[in-house]
Amino acid sequence: MSSIQEALDLGVAAAIEMSRTLMDEKKVLNAVLSQVDNPKIVTGELNVPYICKDNIVTLGTKTTAASKMLENFESPYEATVVKKLREAGAVMVAKANLDEFAMGSSTENSAFGPTKNPWDESRVPGGSSGGSAAAVAAGLAPFALGSDTGGSIRQPASFCGVVGFMPTYGRVSRYGLIAMASSLDRIGPIANNVEDAARVLQVIAGHDENDSTTVDIPVPDYTKVLTGDIRGLKIGVPKEYWSEGVDERVAATVKKAIEQLQKLGAVVKDVSLPHSHFALSTYYILQPAEVSANLARYDGVRYGFSLGADKKIENIKDMYCETRARGFGAEVKRRIMLGTYTLSAGFRDAYYDKAQRVRTLINQDFEKVFKDVDVLVSPTTPTVAFKLGERTQHPLEMYKADLLTCPASLAGIPGISVPCGLVDGMPVGLQIMGRQFDEETILRVAHAYEQSVDWREQ
Amino acid sequence: MNEKYEAVIGLEIHVQLDTKSKMFSRADNASEMAEPNTNVLPLCMGYPGTLPVINGQAIEFGIQGALALGCKINPMPRFDRKNYFYPDLPKGYQISQFFHPVGEHGKVKVDYLAGDRKTKKEFEVGITRLHLEEDAGKLVHTKDATLVDLNRCGTPLAEIVTEPDIKSPEEARAFLQELQRIVRVIGISKADMEKGHMRCDANVSVRPKGQTEFGTKIEVKNINSFKFVEKALAYEIGRQIEVLEGGGALEQSTRGWDEKSGTTVEQRGKEGSIDYRYFPEPDLPPIYVDQKDIEAAQKKMPEMPSQLRARAEQAGLSYNRIAELQDGNKLALAVAVLDTNSKLEAKLVANWVDKFDKEGDLIKFLETVVENNLSATAAQKYFETGEIQTGTGDIEIKKIVGDVLISEKDTVERYKNGEEKLFGYLVGQVMAKTQGRAEPALVARILRERLTK
C-alpha cells in the first residue's frame, strides 16, 4: 500500500487482508513483533490499517518495548494516540519492532532481533522506530506510529526512504508512550508521503488532560496548507550541519534538494546555529539521566520480567539486581549507568546542570534564527543506512547517527524527514525544521518539494 | 538531662493532605479502609506510559499550609524526582519538590502549658520549607513474606521542615501539637498521628552549653505519636550525652525509634546515606502562583490556634483552663460565647462549654442560669431535667433564713455571744428546710449577712 488514499480505495477489510498477507510475506524484515487478531473495525475518516511502534501501550496485544523485561507485558490501558486513531477509524494491525525501550539508531538493540532495511536487507533500517519505517517502506501498512527522542522517527524514515514527522513537543499526547527521556520523547507518524503524515497528525494532535506537557491551543487544518506554493518563504541553511562526519555525497544530494526549493520560489539563506556542536553531547547527558529514572520502575515487583520467585534470590537487593541485569539489554544498561552517574552528588553540576544550561543556549540559537527564516533545512542523517553489525561494537559511532536530528529534539521544535535522493542505491533524507507549533510551514515546504520532483531520480 | 549539655532539635513532618483525589491522579484519596491494592489506577502502580497530572486542590492546600506557617510563597513552585529503589515506590522515584518548594522561610510562635500544668511557656520555631510530594505504598511483613499494598501510593503529602530551633523533647511535642491544630483548623488534614496522617522524623544533636557550633546530627525516624516524640527524643539526647561523657564520638547516622525496647536503634551509618539524584520532573510544568492566588488563600484563612488562645486569655480564662479546653476542642466555642456575651463570667462559660456543641444552646442555658441565679447544683439539675427548681433562689432562702432565726432564737443568742461553731448548725437547719436543694455557700452568705446586721 503506497498511500492512505490507496488503502481507503481498497476498503478497510481488503486493506487489512493485504496488510496481513504482506506481513507474512516479508517476515524476513522482522519489522513487526506481533499482529492483532481480529481487530475491531469502526468507521471514520482514517479507515485504514496501521502499525504501531511497540513502545506505545495498546489493549488486546502485548506491549514489549522490544525488551525481555516486558516480553509478556499487557497494558491495562491504551495510549491517547491509539484511542484517537481508533475513534477515527484507523485499525491497528500490528506492533512494530524497535530498539529496546527506543534506545538505539539501528533497531539492532531489539531483544527480538534486528529489523532489516527493505531497500537492502544487509543494512539497518535506522532506529529506534526502525520497524515502523521498514513496515511503511515495505508497504505493510499505509502509515505507522513512531516515537522520536533524538531522531528516532526522522532518522529511520531517512534510511528507509519514507516521510517521518516529529511534531512540536507538547503537540501530541505522550500518555501511553513508554517513557525513555520524558522531556524529549514525542510521538509522530511515519508515512509514504507528506499529505498522509499530515492526515495522521490531524487525528493525533491536540491537548490531552492526561499529559500536562501538551499545550491547549487549537489544532490547525494540516492538509489545507499543502498548496505547493512556497514562493517568498525564507529557508535557512545552518552552516554547522555540513561539517565533519557528513558524507559528501549525502551533503550534495541535500544541496540539490535545497536548489529545488529555491527554484520553487523560496528564498534560501545561510544561517548559523553556533551551539550545534554541543548538541550531541548535551543530548547524551540529559537523555540517559532521564532514562535512569524512567526505567527504575522495571524492578520485578509488579509486572514484567522478574526473578523474585527464583530460589537463589535471598533478598530484595538481589532481586532488583538480577532482574535488571538479565531483563535489560546492554545499551539500556549502559544508559542507565551513564544517567545515574551524571545525576550523582558531586557530578551533577559538571554534567546534568551544565547540559541543561547548554540546552538553553541551543534553544536560543533556534529562537534567534527563526526571527530571520521560516524553516531550516539540512540532511537528516550524516550517512545513508549502514550495514547491520557495523556499529554495534562502537556505541559512540552509533550515537553519531543522531548528530543532525538531536538539536531539534533538545529545542522542542518540529521536524520532518522527506526522501530527496539516493546514494549507493540507498535513500537520503532532507530534514526540515520549523518554529514551535508551526507544523504547517514544515509540511507545506516538504509537500511542495515532494510534489515537484521524483526523489528516486535525484 | 545533664546540665552541661543542651539539645538542638529540628523536625521533618509529613502531613497527609485530605484532598478528594490523589496528588497526581484521579484515584480516590480515601483508601484507609479499602482492601489492599484496590484503590489504584495504572499511575499509582507505576505502569509504563502513565503520566502524573497535578491535583489543584493539593496545591491550594499546600499554599494554605505554607501561609499558616508564615512562609513566603514561591511564585513558581515545581516538582522534582527523588530517585531510590524500594518495593513500596512503584516508579522507582518519588515526585517531590526539592529545588522550588511551595513555601519557605516561615516562623511559628508556640505557647503551651508546661508539664507542671500551670506555667505558660513560649518559644519560636523557624520553618525552613513546606513542600508537596506523593506518599509511597505500605509494606506488610508476614511470617514468610513481605506484601506490598499500593493503596496509599500517591496520597498528597506536605512535608514541613523546621529549623533546628527546638531545645527539648517537651518543646518538640508542643510544636507538633500546635502543628496538628494548625493543619486541622485550616482543614487541610485530619492529622491523626495514630493513623499515620502525620508522621515525624527528628534531627537531634547535643552540644556543651555555650558552644555555638552544632554537634553531630543524628536522624531519628519513625516517631509516630506525641508520646513517642518526647520519649524517643529524651532517650536519644541521653544516649548522645552518655557517648560524649564516656569520651566517645558520635557519627552522623540514621536511627529508628523502637517502641518495644524504648530505645533508638541504628538503621544506617553515614556510608549508607542515599544519593537521591534529584532532577526536575520533566512530566510536570512549573506551577504559576500569583498574588491573587495568595490573597484568595489568605482570605480563607481562619483564626490560628495561637490567636484563639490569646483572645481566651483576654477574655479572662486562666491558661491551664485554656489548655484544657483546647485539648477538648472546646476553646473556640468558649471564646465565641465570651466574645458576644461580655456579661457572662469566663469561669462559668468554661465550666459548661464541655456539655454543648452549639453556641446558641450554650448561651441560652447560661443566660437562664444567671437570670435565675442558679447554684451549681441547681444549674446541674436544670441541665439534666430542663426544669428550674423553685425554692432555691435568693428570695426563698432569705425567707427560710428569717424563719429559722425566729425558731432558733436561743441558738442565735448563744452565737452572738461568741459560740461561733453554732453557725454550722444554723446552716444545717436552713438546708433541712430546703430539702437540701439550696447551695450551702449561698445559705451561709445570706445567713451571715443577717447575723451581722
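The figures that follow rest on heavy atoms only: side chains count, while hydrogens, waters and symmetry mates do not. Residue numbers start from 1 in every chain, and the chains themselves are labelled A, B, ... in the order their sequence lines are given, proteins ahead of strands. On a predicted model such as this, the values are computed, not experimentally measured, just so you know.
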- Item | Interchain contact, B:Tyr276 with chain A, by part (heavy-atom threshold 4.5 Å) | neither
- Note: vs chain A, highest number of non-hydrogen pairs under 4.5 angstrom among B:Tyr278, B:Phe85, B:Tyr86 is B:Phe85
- Note on the structure: Residues passing the ring-ring contact (aromatic ring centres under 6.0 Å, His included) test with A:Tyr284, sequence neighbours excluded, are A:Tyr399
- Atom CD of B:Glu259: over 12 foreign heavy atoms under 6.0 Å: no
- Item | Proximity of residues 287-311 of chain A to chain B, residues having a non-hydrogen atom under 4.5 angstrom | A:Ala289, A:Glu290, A:Ala293, A:Asn294, A:Ala296, A:Arg297, A:Tyr298, A:Val301, A:Arg302, A:Tyr303
- Which region of A:Ser75, side chain (C-beta onward) or backbone (N, CA, C, O), has a non-hydrogen atom less than 4.5 Å from a non-hydrogen atom of chain B, or is it both or neither? neither
- Query: Heavy-atom distance under 4.5 Å to chain A: side chain of B:Asp283, backbone, both or neither?
  - Reply: both
- Message: Does any backbone or side-chain atom of A:Tyr341 lie under 4.5 Å from a heavy atom of chain B? Answer side chain, backbone, both or neither.
- Response: neither
- Item | Approximate separation, where rounding is to 0.5 Å, of B:Leu51 CG and A:Thr213 OG1 | 7.0 Å
- Message: Taking every non-hydrogen pair under 4.5 Å, which of A:Lys317, A:Arg324, A:Met319 racks up the most with chain B?
- Response: A:Arg324
- Give the minimum heavy-atom separation between B:Pro52 and A:Ser212, together with the two atoms involved. O-OG, 3.4 Å
- Item | B:Leu150, part contacting chain A, at a heavy-atom distance under 4.5 Å | side chain
- Query: Tell me, side chain or backbone of A:Tyr320 under 4.5 Å from chain B's heavy atoms, or both, or neither?
  - Reply: side chain
- Grab the two heavy atoms, one from B:Pro48 and one from A:Val57, that are nearest each other, plus how far apart they are. O-CG1, 3.9 Å
- Check the pair B:Glu281, A:Ser183 against side chain to side chain contact (heavy atoms under 4.5 Å, CB included), reporting the backbone distance first and the verdict last. CA-CA 9 Å; B:Glu281 166 57 280; A:Ser183 76; over 6 Å; no
- Item | Partners meeting ring-ring contact (aromatic ring centres under 6.0 Å, His included) with B:Phe214 (sequence neighbours left out) | none
- By a 4.5 Å heavy-atom criterion (distance strictly below it), what part of B:Pro42 contacts chain A: side chain, backbone, both, or neither? side chain
- Query: Which atom names give the shortest non-hydrogen contact between A:Tyr175 and B:Thr50, and what distance separates them?
  - Reply: CE1-CA, 4.1 Å
- Query: What parts of residues 348-361 of chain A touch chain B if we use heavy atoms and a cut-off under 4.5 Å?
  - Reply: A:Arg348, A:Tyr352
- Message: With heavy-atom distances below 4.5 Å as the criterion, would you say the side chains of A:Pro76 and B:Tyr47 are in contact?
- Response: yes
- Stepwise, does the side chain to side chain contact (heavy atoms under 4.5 Å, CB included) test hold for A:Glu209 with B:Val53? CA-CA 8 Å; A:Glu209 58 177 11; B:Val53 176; over 6 Å; no
- Of all heavy-atom pairs linking B:Arg277 and A:Ser344, the shortest is CD-OG, 4.0 Å
- Query: Checking A:Thr342 against chain B: side chain, backbone, both or neither under 4.5 Å from a heavy atom?
  - Reply: neither
- Query: Does NZ belonging to A:Lys333 count more than 12 external heavy atoms closer than 6.0 Å?
  - Reply: yes
- Tell me, out of B:Pro90, B:Ser25, B:Pro285, who's got the most heavy-atom pairs with chain A below 4.5 Å. B:Pro90
- Message: For A:Ile316, which atoms come within 4.5 Å of any heavy atom of chain B: side chain, backbone, both, or neither?
- Response: side chain
